[in-house]
Amino acid sequence: MNLNSEIVGFVAGTLTTLCWTPQAIKILRSHDAQSISLITQVAFVIGCSFWLLYGVLIGSASIIVFNTVTVALNLLIIVLKLRCDADEKDRFHQNPISDPVD
């Protein structure tokens, strides 16, 4: 790969990877991940893993670096999603809403 291609790759990778950081921070602060689709996140991680493999196969540092970071960030989001959903389920079972008695 030539230097110009890698520079473009690093700029693109920086921007697309950083876009996931606010989502992870929001979930960490709010402990709410109900609006996150688990299926979408898992599919995205699989796709980025293949991009990572592709980067390794062609020897592209920008593809390798940023897909590694993106996979890690999105695995964190998946773990937080599973943890938050489990916590929500536990809270529901501890304090079920009862029907009012007439």
Side-chain angles (χ1 to χ4, degrees):
M1 293 242 151
N2 70 36
L3 183 59
N4 288 335
S5 296
E6 283 300 310
I7 290 171
V8 170
F10 272 94
V11 170
T14 299
L15 295 173
T16 58
T17 299
L18 288 178
C19 78
W20 291 102
T21 305
Q23 186 67 63
I25 291 170
K26 182 179 180 191
I27 295 169
L28 282 168
R29 288 183 179 163
S30 70
H31 300 282
D32 178 20
Q34 286 184 333
S35 63
I36 302 296
S37 167
L38 184 61
I39 292 171
T40 300
Q41 289 302 120
V42 169
F44 187 72
V45 166
I46 292 169
C48 287
S49 297
F50 276 103
W51 274 111
L52 174 59
L53 177 60
Y54 173 71
V56 169
L57 292 173
I58 67 168
S60 172
S62 60
I63 293 175
I64 295 168
V65 168
F66 290 107
N67 281 287
T68 299
V69 174
T70 300
V71 166
L73 264 173
N74 281 277
L75 285 173
L76 172 64
I77 290 171
I78 289 170
V79 168
L80 293 172
K81 165 77 174 159
L82 294 172
R83 188 177 296 160
C84 289
D85 286 357
D87 290 348
E88 185 66 29
K89 188 176 180 181
D90 288 345
R91 277 194 294 273
F92 177 77
H93 289 296
Q94 289 174 359
N95 298 314
I97 300 172
S98 58
D99 292 332
V101 178
D102 291 314

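Excluded from the calculations below are hydrogen atoms, water molecules and symmetry mates; all remaining heavy atoms, backbone and side chain alike, are included.
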TODO: Taking ring-ring contact (aromatic ring centres under 6.0 Å, His included) as the test, write out the residues that go with Phe50, two or more places apart.
DONE: none
Open item on the list: Taking the side chain as everything from C-beta on, heavy atoms only, tell me whether Leu53 gets closer than 4.5 Å to Asn67.
Closed with: no
Open item on the list: Around atom CD1 of Ile39, are there more than 12 heavy atoms from other residues, nucleotides or ligands closer than 6.0 Å?
Closed with: no
Open item on the list: If the condition is side-chain contact (heavy atoms from CB on, under 4.5 Å), which residues does Ser35 pass it with, not counting sequence neighbours?
Closed with: none
TODO: Go through the structure and list residues passing side-chain hydrogen bond (donor to acceptor under 3.5 Å, both in side chains) with Gln23, not counting sequence neighbours.
DONE: none
Open item on the list: Quick check: is Leu82 connected to Val42 through a chain of hydrophobic side chains (ILVMFWY, heavy atoms under 4.5 Å apart)?
Closed with: yes
Open item on the list: Can you list everything that forms a side-chain contact (heavy atoms from CB on, under 4.5 Å) with Ile25? Sequence neighbours excluded, please.
Closed with: Thr21, Arg29
Task: Verdict with reasoning, Ile78 to Ile36, per side chain to side chain contact (heavy atoms under 4.5 Å, CB included) - done: CA-CA 9 Å; Ile78 289 170; Ile36 302 296; over 6 Å; no
Open item on the list: Within the 4.5 Å heavy-atom criterion, are Ile63 and Leu52 side-chain neighbours or not?
Closed with: no
- [ ] List the atom of Ala33, the atom of Ile27, and the distance in Å for their closest heavy-atom pair.
- [x] CB-CG2, 4.1 Å
Task: Over all atoms of both residues, closest heavy-atom pair of Glu6 and Ser60 - done: OE2-OG, 2.9 Å
Task: Nearest heavy atoms of Gln34 and Lys81, plus distance in Å - done: O-NZ, 3.7 Å
Could you list the donor-acceptor pairs under 3.5 angstrom formed by side chains in residues 69-77, with sequence neighbours left out?
residue, atom, partner, partner atom, Å
Thr70, OG1, Thr17, OG1, 2.9
Thr70, OG1, Phe66, O, 2.8
Asn74, OD1, Gln41, NE2, 2.7
Asn74, ND2, Thr70, O, 2.9

TODO: With sequence neighbours excluded, tell me which residues meet side-chain hydrogen bond (donor to acceptor under 3.5 Å, both in side chains) with Ser37.
DONE: Thr40
Open item on the list: Is there a path of hydrophobic side-chain contacts, each under 4.5 Å between heavy atoms of I/L/V/M/F/W/Y residues, joining Trp51 to Phe10?
Closed with: no
